[in-house]
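Have a look at the structure below, then the notes.
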Amino acid sequence: MSFEEMQSILQGILFSQQQFQSEMAETKAAADRAIQIAESNGRAIQAMLDQAATDRLLQEERTQQHEERTRQHEERMLRLEAMSEGLINLSTSIDEDRPTILRLLNSNNNKLDILLDRLPPQA
């Protein structure tokens, strides 16, 4: 093998090595970009998960508040029903036990009509 042939082979090897190093640098740069994108995606996903957890806690709190307001509303409705029944019972017992003012007035009006009917007609 001649010196020129060896020199040509070495130049080919050197060129191949330079191409390989260039491709390795490009591959490393692409891998670094892929790692950065993956890390960025991971942070974005974590932020979305954190937001979802926060939203879920807020929704649970709102649900509890709504349930508490509903319970209070139901209690108030029960108290109103009890008060209404009490008022109805009270008015019924007043009508049954004692004459109401209207009944007394009607009774007096009837008595007055009877008395007026008994008076002799005036000329």
Side-chain angles (χ1 to χ4, degrees):
M1 184 178 307
S2 73
F3 179 73
E4 288 87 25
E5 289 174 347
M6 285 176 56
Q7 193 175 17
S8 173
I9 290 173
L10 284 175
Q11 285 177 345
I13 291 173
L14 184 59
F15 180 75
S16 293
Q17 184 181 10
Q18 288 172 347
Q19 267 188 323
F20 178 73
Q21 287 176 346
S22 174
E23 289 174 2
M24 286 296 291
E26 289 175 13
T27 302
K28 184 177 180 328
D32 288 344
R33 283 193 303 272
I35 289 171
Q36 289 173 348
I37 290 170
E39 288 173 349
S40 174
N41 288 345
R43 287 190 297 271
I45 290 169
Q46 186 61 48
M48 287 189 296
L49 290 173
D50 292 345
Q51 184 63 45
T54 301
D55 291 346
R56 189 171 38 257
L57 289 174
L58 287 173
Q59 185 60 37
E60 288 175 6
E61 184 178 327
R62 286 182 190 130
T63 300
Q64 289 173 352
Q65 290 172 351
H66 176 72
E67 289 172 353
E68 177 63 20
R69 283 192 304 270
T70 301
R71 186 189 59 74
Q72 290 173 353
H73 176 71
E74 289 172 353
E75 287 176 1
R76 289 179 185 132
M77 291 300 293
L78 290 173
R79 286 197 309 256
L80 281 173
E81 288 175 4
M83 287 171 49
S84 295
E85 287 179 20
L87 287 173
I88 289 170
N89 291 339
L90 177 65
S91 65
T92 302
S93 70
I94 287 174
D95 283 343
E96 289 175 357
D97 296 345
R98 299 172 209 87
T100 62
I101 293 174
L102 182 60
R103 199 178 315 161
L104 285 173
L105 288 174
N106 282 335
S107 172
N108 287 337
N109 194 24
N110 289 336
K111 289 176 186 176
L112 185 59
D113 286 341
I114 292 171
L115 287 174
L116 287 174
D117 286 341
R118 288 185 186 171
L119 287 176
Q122 297 206 3

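Distance check: Gln19 CD to Leu14 CG gives 11.0 Å after rounding to the nearest 0.5 Å. Summarising the geometry, atom CD belonging to Gln64 is positioned 11.0 Å from atom CD belonging to Gln59; distances are rounded to the nearest 0.5 Å. Here the straight-line distance linking atom CZ of Arg69 with atom CZ of Arg62 works out to 10.5 Å at 0.5 Å rounding.
Looking at Ser40, its side chain never comes within 3.5 Å of a backbone N or O of Gln36 through a donor-acceptor pair. Using modelled atom types, one side-chain atom of Asn89 and one backbone atom of Glu85 make a donor-acceptor pair closer than 3.5 Å. Under a 3.5 Å cut-off, the side chain of Ser8 and the backbone N or O of Glu4 do not form any donor-acceptor pair.
Hydrophobic clustering, with ILVMFWY side chains joined whenever heavy atoms are under 4.5 angstrom apart, groups Ile9 together with Met6. Hydrophobic clustering of Ile, Leu, Val, Met, Phe, Trp and Tyr side chains at less than 4.5 Å, counting indirect connections, unites Leu112 with Leu119.
Every salt bridge (Lys or Arg N to Asp or Glu O under 4.0 Å) that Glu68 has, sequence neighbours left out, goes to Arg71. For Asp50, the side-chain hydrogen bond (donor to acceptor under 3.5 Å, both in side chains) partners at least two apart in sequence or on another chain are Gln46.
Through side-chain heavy atoms spaced under 4.5 Å, either directly or across other Ile, Leu, Val, Met, Phe, Trp or Tyr residues, Ile88 is tied to no other residue. Under the 4.5 angstrom side-chain criterion for Ile, Leu, Val, Met, Phe, Trp and Tyr, the cluster partners of Leu49 are Ile45, Met48.
Counting only residues at least two apart or in different chains, salt bridge (charged side-chain N to carboxylate O under 4.0 Å, His left out) contacts with residues 113-122 are absent. Residue pairs meeting the salt bridge (charged side-chain N to carboxylate O under 4.0 Å, His left out) criterion with at least one partner in residues 23-41, sequence neighbours excluded, are Lys28-Asp32.
Partner of Thr63 under the side-chain contact (heavy atoms from CB on, under 4.5 Å) criterion, chosen from Glu61, Glu67, His66: Glu67.
In this structure the side chain of Gln7 never reaches within 4.5 angstrom of the side chain of Leu10, judged on heavy atoms. Counting heavy atoms from C-beta on, the side chains of Phe15 and Gln11 never come closer than 4.5 Å.
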